[in-house]
J.: 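Got a structure here, written out as structure tokens. Questions coming.
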Protein chains: 2
Amino acid sequence: MTTAQRLPARDRLLQAADRVLFDRGIRATPVDELLREAEVSAATLYAHFGSKDALVAEALRNRLADWRAVWDQHIVAAGDDMARLLAVFDALAAYRGGRHRPARWCAFLAAATELPDAPDEISEVLGADTALLAERLLQLSRPLAGARAQDLADEVLVAYSGALAALLRGSPRDPIQVGRRLARTAAEAHSRG
Amino acid sequence: MTTAQRLPARDRLLQAADRVLFDRGIRATPVDELLREAEVSAATLYAHFGSKDALVAEALRNRLADWRAVWDQHIVAAGDDMARLLAVFDALAAYRGGRHRPARWCAFLAAATELPDAPDEISEVLGADTALLAERLLQLSRPLAGARAQDLADEVLVAYSGALAALLRGSPRDPIQVGRRLARTAAEAHSRG
DNA sequence: GTCTATAAGCGGATAGAC
DNA sequence: GTCTATCCGCTTATAGAC
């Protein structure tokens with residue numbers, strides 16, 4: 001183990017952004033708080049990113065990459081078609097229990113709500129998250145639902161989004177498991193034809 | 001038909017708030033825009049409500065009352081237990097097609113995200129919406145799922161929240177119908193025991 | 001060259017005075 | 001109803017430290 005290294009300012013900023021922004025709220029978090037958390041000066045932030053929005057966008061892109069990787073792992077580890085489809089819920093639970101401080105609900109949907117007039121750079125990340133979900137769920141639905149794969153994929157996307165929104169709501173207690181149940185039942189119904 | 005009456009300033013403010021706030025965003029809408037929309041002066045707003053937050057809270061309370069009424073009607077009009085449980089989705093579709101300008105997704109969940117440090121007055125309305133949903137869905141689940149009514153109610157709440165979140169996401173195309181399907185399948189599964 | 005500290009500009013939003 | 005004070009948040013300028 002080498003001595004503890006201090007990360008460069010840019011990385012400290014991204015870490016602080018990921019830690020604070022999606023937990024306490026993007027608009028609710030002033031730049032000064034990020035600067036304090038990251039122990040970085042304002043000049044450095046604007047030298048590296050140019051704006052708060054650009055820092056938000058980069059933090060979201062990193063989060064999407066991490067989420068995709070976690071989801072990948074859970075798909076690979078799954079044993080059959082049903083488990084592969086439901087892996088999105090296990091991945092979500094794992095992601096939220098992992099090294100990130102869990103967002104209050106969903107960083108991408110929160111950004112969409114909090115920043116309705118956000119620069120394209122930001123709305124593109126939500127679009128990319130949604131596209132990733134829609135495409136993968138469709139692929140994973142095919143072996144289970146055949147010609148009705150699109151219907152099943154839509155249903156799982158709604159169940160997944162519902163788990164996230166229910167986290168924000170605070171009810172039911174364990175929305176990710178509830179969403180998973182919902183998705184499993186839908187998949188079984190389509191399998192029976 | 002009598003001559004068109006000009007509503008009092010307080011009502012014009014509440015109408016403008018309902019029209020603009022939940023469509024364009026609560027924080028994204030400056031007070032000045034509400035004043036222009038309502039054709040009211042700032043002094044009047046602060047005389048009646050005291051703050052923007054208080055106006056938001058009142059607009060949310062009105063919205064919850066209207067939503068409850070629409071849901072009521074759809075439950076009463078429903079023909080059997082299954083239709084009564086699924087009425088929440090038909091009511092949602094009707095509410096969004098009704099006299100309100102539809103919110104971008106959900107006024108209550110949006111308020112929760114946009115105003116994480118909101119005064120109690122505001123978070124209470126989200127709590128009331130969630131409590132209304134949870135209690136009613138549990139009652140409506142009993143005839144269909146018996147001892148497992150709580151599980152079914154949780155599932156419908158997640159499907160409902162997912163329909164709303166999917167509106168924000170922009171995918172799938174018709175999330176309310178997808179949520180309804182999800183809920184129906186869940187209910188059928190519980191009915192078969 | 002990278003980063004810090006400080007300060008100040010500036011627009012926008014809330015609130016209250018007149 | 002108009003006008004204004006005040007505050008707050010984002011951004012930039014300046015000057016200097018490691």
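Here is the naming used below: chain letters follow the sequence lines, and residue numbers restart at 1 for every chain.
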J.: Is the phosphate of dA5(C), meaning OP1 or OP2, less than 4.0 Å from a side-chain N or O of Arg36(A)?
T.: no

J.: With under 30° as parallel and over 60° as perpendicular, where do the rings of Tyr95(A) and Trp67(A) fit, or are they tilted in between?
T.: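 Geometry flag for Trp67(A) against Tyr95(A): perpendicular rings.
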
J.: Among the candidates dT11(D), dT14(C), dG9(D), find the nucleotide nearest to the side-chain atoms of Ser51(A).
T.: dT11(D)

J.: Rounding to a whole Å, what distance do you find between Leu34(B):CG and dA13(C):C1'?
T.: 12 Å

J.: Between C1' on dC10(D) and CZ on Arg27(A), what's the gap in Å once rounded to a whole number?
T.: 12 Å

J.: When you measure from the side chain of Val31(B), which nucleotide among dT14(C), dT2(D), dG9(D) comes out closest?
T.: dT14(C)

J.: Are OP1 or OP2 of dG16(C) and a side-chain N or O of Tyr46(B) less than 4.0 angstrom apart?
T.: no

J.: Provide, to the nearest angstrom, the distance between the CG atom belonging to Asp117(B) and the C1' atom belonging to dG9(D).
T.: 15 Å

J.: Rounded off to whole Å, could you give me the CZ-to-P distance for the Phe49(B) and dT14(C) pair?
T.: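 Taking atom P of dT14(C) as the reference, CZ of Phe49(B) is at 15 Å.
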
J.: Glu39(A) CD to dT4(C) P: how many Å, rounded?
T.: 9 Å

J.: Which nucleotide in the list dT14(C), dC3(C), dC10(D) gets nearest to the side chain of Asp32(B)?
T.: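 Out of dT14(C), dC3(C), dC10(D), the nucleotide with an atom closest to Asp32(B)'s side chain is dT14(C).
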
J.: Whole angstrom is fine here: how far is it from CD in Glu114(B) over to C1' in dA13(C)?
T.: 15 Å

J.: Going by an N to O cut-off under 4.0 Å, is there a salt bridge joining Arg136(B) and Asp72(B)?
T.: yes

J.: Determine: side-chain N/O of Thr44(A) to OP1/OP2 of dT4(C), distance under 4.0 Å, yes or no.
T.: yes

J.: Choosing from dG1(D), dT14(C), dA5(C), which nucleotide comes nearest the side chain of Ala43(A)?
T.: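 Taking heavy atoms from C-beta onward, the closest nucleotide is dA5(C).
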
J.: Looking only at side-chain atoms of Lys52(A), point me to the closest of dA13(C), dT11(D), dC3(C).
T.: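 In terms of side-chain proximity for Lys52(A), the closest of dA13(C), dT11(D), dC3(C) is dT11(D).
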
J.: Using a strict 4.0 Å threshold on nitrogen-to-oxygen distance, state whether Asp129(A) and Arg169(B) make a salt bridge.
T.: yes

J.: Between atom CG in Leu35(A) and atom C1' in dT11(D), what is the gap in whole Å?
T.: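 Taking atom C1' of dT11(D) as the reference, CG of Leu35(A) is at 11 Å.
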
J.: Nearest of dT14(C), dC3(D), dG9(D) to any side-chain atom of Ala42(B)?
T.: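 Closest nucleotide among those given: dC3(D).
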
J.: Does His48(A) make a side-chain N or O approach to OP1 or OP2 of dC3(C) shorter than 4.0 Å?
T.: yes

J.: Rounded to whole angstrom units, what separation is found between the CG atom of Leu45(B) and the P atom of dA15(C)?
T.: 9 Å

J.: Does Leu157(B) belong to the same Ile/Leu/Val/Met/Phe/Trp/Tyr cluster as Leu92(B), with side-chain heavy atoms less than 4.5 Å apart forming each link?
T.: yes

J.: Give me the atom names and distance for the closest heavy-atom approach of Ile176(B) to Phe89(B).
T.: CG2-O, 3.5 Å

